[in-house]
Amino acid sequence: MYYPATEIVSTVMKYNFNEIEAKWQKYWAENQTFKAENLSEKPKFYALDMFPYPSGAGLHVGHPLGYIASDIYARYKRHKGYNVLHPMGYDSFGLPAEQYAIQTGQHPAVTTEANISRYREQLDKIGFSFDWSREVRTSDPSFYKWTQWIFIQLFNAWYDHDAEKSRPIVELVAIFEKEGNQTLNAACDDDTPAFGAQAWKEMSEDDKERMLLHYRLTYLADTEVNWCPALGTVLANDEIVNGVSERGGHPVVRKKMTQWSMRISAFAERLLQGLDELDWPEPLKDIQRNWIGKSVGAQVSFKLKGHEEEISVFTTRPDTIFGVSFMTLAPEHELVKKITTEAQKAEVEAYIEATSRRSERERMADVKNITGVFTGAYVLHPFTGEEIPVWIGDYVLAGYGTGAVMAVPCGDQRDHDFAGHFGLPVPNIFEGVDTSEEAFADKEHTVIANSGFISGMGYKEASAKVIAELEKIGQGQGKINYRLRDAVFSRQRYWGEPFPVYYVNGLPKMIDAAHLPVELPEVEKYLPTETGEPPLGNATRWAWDTVNHTVVDKAKTDHKTIFPLELNTMPGWAGSSWYFNRYMDAGNTADFAAQDALNYWQDVDLYIGGSEHATGHLLYSRFWQKFLFDFGLVPVQEYARKLINQGMILGTSAFVYRLENSNVFVSKNLVGERAVQPIHADVSMVNASDELDMEAFRSWRPEFAEAEFELEDGRYIVGREVEKMSKSKYNVVSPDDICREYGADTLRMYEMFLGPLEQAKPWNTAGITGVHNFLKKLWKLYVAQDGLCVTHDKATADNLKSLHKTIKKVEEDIENFSFNTSVSTFMICVNELSAQKCHSREVLEPLVVLIAPYAPHIAEELWGLLGHESSVAYAPFPVFEEKYLVESTKEYPVSFNGKMRFTLELSLDLSREEIEKAVLADDRTQKQLEGRTPKKVIVVPGKIVNIVG
RNA sequence: GCUCGAGUGGCGGAAUUGGUAGACGCGCUGGAUUCAAAAUCCAGUUCUUUCGGGAGUGUGGGUUCGAUUCCCACCUCGAGUACCA
């Protein structure tokens with residue numbers, strides 16, 4: 001068929017992606033195509049993305065990568081007959097909006113709202129199948145009402161290590177009334193005093209409250225916190241990177257403050273054990289395991305010479321107890337002042353003073369430098385009675401174990417270094433090992449010597465024996481330690497959830513759940529007050545009226561019925577610790593989610609997000625979920641069965657080279673040995689062949705207006721380098737631009753085509769034409785210049801083979817999250833069908849469904865053109881049939897000594913012997929052999945032939 | 001330092017349990033079409049070669065008829081962690 005000139009080519013029949021995509025995005029929104037039902041006969045599937053913080057910069061092409069993957073999977077599951085929950089929302093409390101507020105006076109709610117609208121616009125353009133009726137925002141009072149509610153539940157709970165679960169605090173009170181706290185095996189602060197039932201009953205109400213704070217799962221305590229003066233707030237351990245704040249890179253110092261904490265350490269063992277049943281990436285699980293940091297060992301008490309007190313240490317090597325030659329305490333250890341002798345006092349005090357002044361960062365930067373002081377005190381070895389000198393040193397951390405170590409220089413390199421530096425003895429207790437130069441820490445090959453009753457034993461046996469003996473004399477027992485610390489939950493910030501807490505006599509009281517939410521008050525300034533209180537201290541209307549159950553003016557505070565409210569706010573991870581449950585029943589005003597909705601959706605089947613949340617969000621949320629589970633509030637104790645970490649998309653920066661002290665820019669390949677200064681040029685000014693648009697560059701910034709160029713072949717070629725995508729590197733590519741120029745379907749497929757989902761990979765817009773051309777080619781299978789060209793012709797065997805090969809591979813790929821290879825598979829399929837000139841509906845109709853998860857807009861349009869009146873989104877996924885792929889012959893690769901030399905087409909019916917015969921009879925075989933007789937012929941029917949000789 | 005992960009053409013990457021290395025795409029080269037360009041289509045594109053072939057998946061060994069794939073040692077890069085006793 002020939003078509004005359006161009007004017008009859010209607011715009012409808014061209015692949016007009018902009019028009020098509022806008023049309024279907026509108027259709028989906030108007031028809032609520034992706035609204036999920038909470039009760040359904042269909043099996044459920046919950047596909048979740050980590051919700052974004054809506055930043056002012058908007059999305060770049062790296063952000064939607066994971067969303068596209070989960071969207072493909074969600075759409076695939078709809079075709080497979082599942083009731084799919086695929087929601088999206090915003091983690092909308094956070095520092096940047098507040099920093100912006102401090103600078104500009106704009107209310108964070110205003111900027112957040114604006115940022116969210118921009119995000120929404122950008123997301124809508126990419127064609128996600130989100131159920132927007134379930135959108136959540138952590139900064140919305142209707143959401144944080146329930147964050148506050150969960151906080152109250154945590155406050156009213158304690159952790160029973162015997163039952164291995166959280167229990168209501170009233171049950172703890174009952175235990176205290178009956179037997180005090182001495183038989184209890186509960187998670188509590190280290191400094192919790194022991195008391196009996198009688199003592200409990202005699203306590204004042206306030207004292208009882210103070211006592212309970214030692215047990216509550218969220219509690220107020222004086223804690224050493226990471227204080228960041230520049231940000232004016234405390235930070236959690238996971239918010240500090242290399243001793244400086246993750247946001248902004250400001251210095252962090254240790255400071256003692258009264259703070260809310262979360263008793264996550266109580267859950268350490270369950271958080272660790274729970275990992276085994278999760279289908280999460282192994283590296284991510286390893287990060288959590290390391291962070292939890294379980295160590296099995298013993299607690300040993302050393303009697304102090306001349307004092308009542310004992311020094312307790314934790315060790316993972318009780319088998320090395322006979323190798324102890326000194327003891328080291330953290331400078332902050334509570335016994336240091338008491339045991340220091342008069343003679344050593346001045347030196348010890350000077351040392352403590354010096355170490356306390358050092359910031360966390362200095363301490364970390366300076367690991368090599370060994371420092372310490374002798375206290376003058378001695379402890380007695382529990383078995384030998386030997387006198388052991390007690391030192392202090394800052395290599396011992398106050399926050400881990402007991403803040404004291406028994407130093408075994410022959411078995412621990414740090415102790416060895418310390419001993420070497422101060423000339424302390426290094427007794428050797430290992431059989432056949434020289435420990436004079438360096439410590440021997442290999443547990444597996446340990447044979448203990450010079451160690452009394454454990455000499456000759458290995459690590460395991462000796463450790464068990466030592467623990468047993470220590471128990472006998474009452475100086476120790478087996479003990480498990482975790483590195484995981486309780487998480488500080490207070491932030492001295494404005495833009496976060498207010499605590500539902502007021503203070504009576506300095507003791508925290510929960511606001512009754514019926515009166516939630518406690519809404520964030522208005523403030524004049526977002527900075528701390530002049531007296532150093534958090535920003536909420538600026539609020540005039542911020543006191544709790546216990547009679548009318550409402551927030552009232554601060555001036556009315558009388559400490560009788562009107563009390564001060566908490567001034568801290570919750571950290572960023574509060575809302576994200578439970579939001580996945582809220583999506584199940586987002587609009588509920590009576591509950592954080594109805595039980596039947598929770599029971600129907602259960603858990604997240606697929607969670608996609610970045611691995612940078614390994615020790616933050618992904619640990620805290622598991623902890624909250626376990627707590628909610630213990631209280632019967634959610635049906636499962638792990639909320640995300642499967643998790644995938646999408647890799648980062650990197651930017652491809654462009655560089656121009658300016659000759660030093662000049663205004664001349666030299667094209668990349670002309671630089672040679674000359675001294676040039678590389679300068680980032682905005683990637684939007686560079687084309688696919690790395691040519692710079694010089695005019696655009698000149699008008700980019702005033703200082704380049706007069707730029708002169710030294711060209712190669714009349715062109716200016718830029719240098720390229722892969723870096724993190726960021727505004728400051730001018731390598732940011734916006735999905736909006738890609739959608740405008742190539743369409744969302746192209747963007748979606750290209751993001752997948754870049755490489756494996758989990759891998760980091762550079763973005764290069766140049767390559768996108770390949771995917772775009774593919775979609776144009778796909779379109780042409782269905783639509784000719786004068787309209788739909790799909791026929792009712794019977795599909796040929798080749799057509800069906802191409803189709804079914806594709807069904808099989810694409811289905812496998814989706815199940816394996818190998819989206820990049822399915823894009824290739826589609827390309828191969830369309831190439832083949834084009835070559836076959838296939839226009840048969842029998843093939844092309846299923847192909848539309850197959851590709852719909854990846855390129856939903858073009859699929860909807862083609863589906864419509866094929867005469868369907870409803871969306872393709874719920875069309876059943878094509879069923880693969882093996883029969884179309886059955887082959888009768890095989891193109892056998894014939895190898896000689898493992899190297900493939902030629903191929904030979906043979907019937908698959910042939911036996912091993914017949915194949916061998918056919919191969920040996922071939923001329924090319926004889927040519928390869930050059931007259932030699934093959935030593936061996938390996939024939940794998942259906943696979944390969946290998947001739948050795 | 002410790003714990004993971006990864007090294008394949010000019011580039012992104014593919015290769016299901018060991019069985020034709022480089023699929024698919026970008027880029028590049030040549031051609032068709034065009035007054036010309038864009039677009040589109042066709043052919044080629046790991047390196048090397050005396051055009052027979054030879055070499056080749058970070059390096060060096062090993063197992064095997066056969067190794068990108070399994071084992072050992074090493075090198076490089078990336079991530080996490082950082083005195084955790």
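Just so we're on the same page: letters track the sequence lines, and every chain starts at 1.
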### Message
Please confirm whether the shortest side-chain N or O distance from Y400(A) to OP1 or OP2 of rA85(B) is below 4.0 Å.
### Response
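Answer is yes, contact under 4.0 Å.
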
### Query
What string of B, S and - do you get for nucleotides 56-70 of chain B, 5' to 3', when a contact is any protein heavy atom under 4.0 Å?
B--------BS----

### Query
What does nucleotides 10-16 of chain B look like as a protein-contact string, B for base, S for sugar-phosphate only, - for none, at under 4.0 angstrom between heavy atoms?
--BSS-B

Gap in Å between the two [atom1] atoms, one belonging to [N] and one to [M], rounded:
| N | M | atom1 | answer |
| --- | --- | --- | --- |
| rC70(B) | rU17(B) | C1' | 12 Å |
| rC77(B) | rU8(B) | P | 14 Å |
| rU64(B) | rG13(B) | P | 35 Å |

### Message
Salt bridge check, E812(A) against K808(A): does any charged N sit closer than 4.0 Å to a carboxylate O?
### Response
yes

For the side chain of [X], counting heavy atoms from C-beta on, which of [options] is nearest?
| X | options | value |
| --- | --- | --- |
| N831(A) | rC24(B), rG27(B), rU20(B) | rC24(B) |
| I944(A) | rU40(B), rG54(B), rG19(B) | rG19(B) |
| K890(A) | rA85(B), rU20(B), rC24(B) | rU20(B) |
| T615(A) | rC24(B), rU81(B), rC83(B) | rU81(B) |
| N290(A) | rA23(B), rU3(B), rG25(B) | rU3(B) |
| I287(A) | rG27(B), rC4(B), rG80(B) | rG80(B) |
| I828(A) | rA85(B), rU81(B), rC24(B) | rC24(B) |
| M827(A) | rG25(B), rA85(B), rC4(B) | rG25(B) |
| L397(A) | rC83(B), rU20(B), rU40(B) | rC83(B) |
| D286(A) | rA82(B), rC4(B), rA85(B) | rC4(B) |

### Message
For the aromatic rings, using the six-membered ring if either is Trp, is the centroid distance between H381(A) and F322(A) under 6.0 Å?
### Response
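Yes, the ring centres sit under 6.0 Å apart.
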
### Task
May I ask you to check whether Y742(A) and Y750(A) place their ring centers less than 6.0 Å from one another?
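So the answer is no for these two rings.
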
### Message
Could you check whether any side-chain heavy atom of E691(A) comes within less than 4.5 Å of a side-chain heavy atom of I717(A), counting everything from C-beta outward?
### Response
yes

### Task
Determine whether F655(A) and K668(A) make a side-chain contact, defined as any pair of heavy atoms from C-beta on separated by less than 4.5 Å.
no

#### Entry: Touch class at under 4.0 angstrom, heavy-atom based, for N773(A) against every strand present
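Contact class for N773(A): sugar-phosphate only.
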
### Query
Base, sugar-phosphate alone, or nothing: which one does S895(A) contact when heavy atoms must sit under 4.0 Å apart?
nothing

### rC41(B) pairs with, by Watson-Crick or G-U criteria that keep both distances under 3.5 Å
rG31(B)

### Task
Please report, rounded to the nearest Å, how far the P atom of rA39(B) is from the CZ atom of F774(A).
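Those two atoms, CZ and P, are 20 Å apart.
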
Side-chain polar contacts of residues 752-761 of chain A - donor-acceptor pairs under 3.5 angstrom, sequence neighbours left out - could you list them?
residue	atom	partner	partner atom	Å
K761(A)	NZ	P756(A)	O	2.8
K761(A)	NZ	L757(A)	O	3.3
K761(A)	NZ	Q759(A)	O	2.8

